[in-house]
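All remarks here apply to the structure that follows.
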Amino acid sequence: MMPSTQDWINNPLGVVEGMFAASQNNPNSAWEAKAVEFFKDKLKEKDAHTWVPSLNDVPLHYLKPNSLVKFRCLIQDMFDPEFYMGVYETVDPSTKAKVLRCGKYKDVTECGLSFRFAIITDRQTFYCVPIPGESPWVKEISSSCQKPSRVVPSTSYVPSRHKRSYEEDDDVDDMDTQPQKQREPHSGFVCSKQHSNGDCKRQETEAPSSQATSASHLDLNFPLPGEKGPSCLVKVYDDWDSFKLNDTLEVFGILSVSPALSALADEKDVSSSLLDPAECMETAEEQRVHSPPASLVPRLHMIHAKSLPHNNPLLPSATLEDNSAFLSSTLSEMVSVREELLAYFTHVLLGDALAAEYLVLHLISSVYARRDVLPLGKFTLNLSGCPTVASYTERLYQIIQHLVPSSYYLGMSLQNMNQMRLVPKKDYVANRLVSGALQLARNTSLFLDETQLEQGQLDTTGVRNVTALGNLISWQKVDYDFNYHQMEFPCNINVLIASEGRSLLPSDCQIHLQSQVAPDHMDEYLSSIHVHQQTSSQLNKFRMYMSVARLLDYSISDEMTKSVEDDFVDMRKDDPQSISAEDLHRMLIVARLLSLSLGQTSLSRDSWLRAKHIEMLRRSRMEQHKCVNGNEP
């Protein structure tokens, strides 16, 4: 009899244990793979995934322990593999009956019987956080799409300590390590222990750590300051090599928030060493970081995870190729939506239609491939000439934030540059990667406000941060600090630099804002710019438009390639200095983005001519501005 909807969401462990029990009569049943396939098939059913409660939307204390939940997240760190009891045998003291039990997808096993032996296996642990800089509209729409939860808190589940919401700012009990007794030597994957009494004993299936007596604020290690939401220790059982640091995932797994995870640490039970002999080698700081209170950092035992190419909830969960009806209807509207978006951005950019066009191209850009070390498709835009009055750059960022799924505003003040940690750094004492503000998900919009620059001296940290920003822009990579060496991590981040003059940082394209607003009316005009000028339905059209344009495939036919080459030769005939290979590369990027912005997946002659035209207008404007401001670099 197949489990009902209530069973596989409310009691997934019951499903797993049922399949495990059935497999005992057939050793070659491959029950573990079948269990995973069962849940994957259930999630493919219409709207099934919307019935699964989300850790992003539902407070932890409203979720039933050991139920199926989902979590939209970024892999912030990868811990070392840990040992757990995959299978263990219990013995009833009175009847002497032996029963094999499954320890998979559990942190703690409950048994009123003595256990005879256990087969130890390993699993990987990822430290996952909500997608950094995820826009409020994404959270709101994702939450509204969620069906009312069928999972209710268990009335019998009474934690031994007061549970705290992840959004509370109370001090929390940090964990420290007290000297541990020397563990007895243990050999093989089979461990045994007889309990002399019949009292219920909990056997922990992961390495425990001791509770501390001192209290300090628990650092959830979010990459961006001021972020809220749950962090999670995700336990991975299969194919963990297929995941990479900074991947964005939607994880479906079994929620574990047992207070025993903390309580067991207080019980100086020597038997815990049998479950992970390596535990005695952990430092106090490492135990504090790797085994935080489950009420604050829940454990999620992964059953299935899917990579997220985007986190826009307005798009269907299936890929565009698998949803042809949605794709065709969206493509048919892209030209009209583009015109509406251009009109909106023209108003926001002080009546500058050319700058509005380049802003659209920038926002749909994405690294689509890498050739050696060169990232292809990036389009960092330097929007110079930004007013420094009426908080214009902050208003511009807020408008962009309401359109893109993930973003971050970085004011490049001297204080920020000298004090912020932009680059993640390995902490060898705690054995974790300390996050930095540049540990962002793919396609995050990073808004650098250079109008905040001021006179002063950059210190060592400031120079390192500016260098990191330059490398990010030029090479779409961040060099993480591992103390004795640096390790490159490729990224795909849209960087927009707002400045008065030309940016101190590199960029792929600079356009100087040409205001059409009379100086006398500037303050009044700027104060009128806000996102609420657009209806929510109009904003949703813009949001879908930009996400779809970024996801479209693109190609250039052999015929168009030949035409572009001929044009390049013709342009250099009269004046070889008039256009360089770098200019041609930029024009090809502009032509690609222009085509995608129109919903076209291949370059047409009209799009190529339009790209050449707007590039000529932009370069002409920059030359004029340079003549007027000869001292500007």
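The analysis underlying the following values was restricted to heavy atoms, covering all of them including side chains, and did not include hydrogens, waters or symmetry mates.
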Do you know the tightest heavy-atom contact between [X] and [Y]?
X: Pro506; Y: Ile473; value: O-CG2, 3.2 Å
X: Val289; Y: Pro292; value: O-CD, 3.4 Å
X: Val478; Y: Cys491; value: CG2-SG, 4.2 Å

Please list, chain by chain and in numerical order, all residues satisfying ring-ring contact (aromatic ring centres under 6.0 Å, His included) with [X], sequence neighbours excluded.
X: Phe126; value: Phe243
X: Phe20; value: Trp31
X: Phe489; value: Tyr480

Just by distance, no angles: are the side chains of [X] and [Y] close enough, under 3.5 Å, to form a donor-acceptor pair?
X: Asn10; Y: Ser67; answer: no
X: Ser366; Y: Arg550; answer: no
X: Ser231; Y: Asn221; answer: no

Apply side chain to side chain contact (heavy atoms under 4.5 Å, CB included) to [X] and list each qualifying residue two or more places apart in sequence or on a separate chain.
X: Thr444; result: Ser406, Leu440, Ala441
X: Tyr368; result: Leu376, Arg592
X: Ala30; result: none
X: Asn483; result: Lys425, Tyr428, Asp481

Where the side chain of [X] meets the backbone of [Y], is there a donor-acceptor pair that is under 3.5 Å apart?
X: Trp137; Y: Val404; value: yes
X: Asp47; Y: Thr50; value: no
X: Asn494; Y: His362; value: yes
X: Gln439; Y: Pro132; value: no
X: Asp427; Y: Ala430; value: yes
X: Gln476; Y: Ile493; value: yes
X: Ser143; Y: Asp57; value: no
X: Asp41; Y: Phe38; value: no

Got [X] and [Y] here, is their nearest side-chain heavy-atom distance under 4.5 Å?
X: Asn56; Y: Lys139; result: no
X: Leu233; Y: Leu300; result: no
X: Val234; Y: Val236; result: yes
X: Pro130; Y: Cys73; result: no
X: Glu82; Y: Lys235; result: yes
X: Thr380; Y: Ser474; result: no
X: Asp241; Y: Gln124; result: no
X: Trp51; Y: Ile9; result: yes

Which residues satisfy the side chain to side chain donor-acceptor pair (under 3.5 Å) test with [X], sequence neighbours excluded?
X: Tyr105; result: none
X: Asn431; result: Asp80, Glu286, Lys426
X: Asn465; result: none
X: Ser407; result: Tyr397

Residues Leu496, Leu446; criterion side chain to side chain contact (heavy atoms under 4.5 Å, CB included); working and verdict: CA-CA 6 Å; Leu496 176 64; Leu446 177 60; over 6 Å; no

- prompt: Under the side chain to side chain contact (heavy atoms under 4.5 Å, CB included) criterion, do Lys70 and Val251 qualify, and how do the steps go?
  reply: CA-CA 5 Å; Lys70 61 186 177 185; Val251 177; over 6 Å; no

task: Show your working on side chain to side chain contact (heavy atoms under 4.5 Å, CB included) between Phe252 and Phe39 and close with a plain yes or no.
output: CA-CA 9 Å; Phe252 293 86; Phe39 286 100; over 6 Å; no

message: Assess whether a salt bridge exists between Glu488 and Lys477, defined as any Lys/Arg side-chain N lying under 4.0 Å from an Asp/Glu carboxylate O.
response: yes

Pairing of Arg432 and Glu285 as salt bridge, 4.0 angstrom limit: no

Quick one: pull up [atom1] in [X] and [atom2] in [Y] and give me the separation to the nearest 0.5 Å.
X: Leu472; Y: Lys378; atom1: CG; atom2: NZ; result: 9.5 Å
X: Leu596; Y: Ser365; atom1: CG; atom2: OG; result: 10.5 Å
X: His301; Y: Asn66; atom1: NE2; atom2: CG; result: 8.0 Å
X: Leu296; Y: Cys232; atom1: CG; atom2: SG; result: 12.0 Å
X: Gln401; Y: Ser445; atom1: CD; atom2: OG; result: 10.0 Å
X: Leu315; Y: Leu327; atom1: CG; atom2: CG; result: 10.0 Å

Parallel, tilted or perpendicular: ring planes of His290 versus Phe79, cut at 30 and 60 degrees: parallel

- prompt: Think Arg123 forms a cation-pi with Trp240, using NZ or CZ under 6.0 Å from the six-ring centre and within 45 degrees of its axis?
  reply: no

Full working for side chain to side chain contact (heavy atoms under 4.5 Å, CB included) between Val138 and Asn312: CA-CA 7 Å; Val138 173; Asn312 187 338; 5.9 Å; no

task: Start with the C-alpha gap between Glu32 and Lys104, add the side-chain angles, then the distance that decides, and say whether salt bridge (charged side-chain N to carboxylate O under 4.0 Å, His left out) holds.
output: CA-CA 9 Å; Glu32 292 171 293; Lys104 194 171 184 179; 3.1 Å; yes

query: Looking at residues at least two apart in the chain, or sitting in another chain, which of them share a salt bridge (Lys or Arg N to Asp or Glu O under 4.0 Å) with Lys40?
result: Glu37

